[in-house]
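To start, the structure itself, in structure tokens.
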Amino acid sequence: AQSVTQLDSQVPVFEEAPVELRCNYSSSVSVYLFWYVQYPNQGLQLLLKYLSGSTLVKGINGFEAEFNKSQTSFHLRKPSVHISDTAEYFCAVSSNTGNQFYFGTGTSLTVIP
Amino acid sequence: EAGVAQSPRYKIIEKRQSVAFWCNPISGHATLYWYQQILGQGPKLLIQFQNNGVVDDSQLPKDRFSAERLKGVDSTLKIQPAKLEDSAVYLCASTRGSYNEQFFGPGTRLTVL
């Protein structure tokens with residue numbers, strides 16, 4: 001089975017500063033990795049995903065993530081955050097058959113004006 | 001295209017009562033997921049359907065939870081009898097295939113008193 005650890009439950013950051021949200025996973029098989037965002041009072045939506053190929057993945061709203069197999073990590077980054085990025089961010093992993101989907105506990109990103 | 005539909009949006013019941021949630025996925029999406037999201041936690045996969053067959057129900061508390069997707073389209077999740085710890089948001093998601101982006105519905109917020 002897979003598991004996901006999001007190392008920071010809350011991340012405050014000033015507007016226009018860079019941010020990194022950390023995600024580590026464990027699995028005995030090859031995995032697919034995902035980042036989802038949940039804005040206040042809204043449903044979950046996909047930010048980006050890694051299935052195969054280039055380890056640097058670009059997503060919506062200027063976010064990117066890098067798959068590091070040796071460190072079993074998939075950290076999410078943005079070079080300059082905006083107030084509108086305030087939300088809950090979830091890292092998720094599945095087996096490479098698309099089954100056994102697991103979410104992390106989430107990181108609450110608060111952008112401070 | 002229409003999104004994932006869920007009903008009801010809110011439900012309040014007494015413990016030991018029964019409750020059912022309904023989900024209609026995006027047209028043509030073969031894979032359907034039910035998640036439980038307890039306040040402050042990430043979504044936990046309860047069951048995954050591929051068409052009308054169960055792919056993964058390893059985290060479904062089968063003594064009280066049941067789910068079906070009889071015609072491979074819409075799905076029902078039932079809790080019988082409910083416990084206080086079942087208070088959560090129940091999310092339904094669907095994908096065209098197992099490897100693709102999951103599209104989430106708005107969720108059903110269940111409160112068990």
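The sequence lines fix the lettering, A, B, ..., with proteins before strands; numbering per chain opens at 1.
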*Contact check, side chains of B/Gln102 and A/Tyr36, non-hydrogen atoms, under 4.5 Å*: yes

*asked:* Could you check whether any side-chain heavy atom of A/Gln42 comes within less than 4.5 Å of a side-chain heavy atom of B/Phe104, counting everything from C-beta outward?
replied: no

*Would you find more than 12 non-hydrogen atoms of other residues, nucleotides or ligands less than 6.0 Å from B/Leu39 atom CG?*
no

*A/Phe101 side, atom CZ; B/Asp56 side, atom CG - distance, nearest 0.5 Å*: 12.0 Å

*Does A/Phe67 share a hydrophobic cluster with A/Leu47, counting links as ILVMFWY side-chain heavy atoms below 4.5 Å and allowing steps through other members?*
yes

_Which atoms of B/Pro106 approach chain A - backbone, side chain, both or neither, heavy atom under 4.5 Å_ = neither

*Could you walk me through whether B/Gln59 and A/Tyr102 pass the side chain to side chain contact (heavy atoms under 4.5 Å, CB included) test, one step at a time?*
CA-CA 11 Å; B/Gln59 299 190 93; A/Tyr102 294 93; 3.3 Å; yes

*Taking all non-hydrogen atoms of both residues into account, name the closest pair between B/Gln41 and A/Phe90 and its distance.*
O-CE2, 4.0 Å

*Taking atom CZ of A/Arg77 as the centre, report whether more than 12 heavy atoms of other residues, nucleotides or ligands fall under 6.0 Å from it.*
yes

*Please indicate whether B/Lys62 has more than 12 foreign heavy atoms, meaning atoms of other residues, nucleotides or ligands, lying under 6.0 Å from its NZ.*
yes

_Would you say OH of A/Tyr39 has more than 12 non-hydrogen atoms from neighbouring residues, nucleotides or ligands within 6.0 angstrom?_
yes

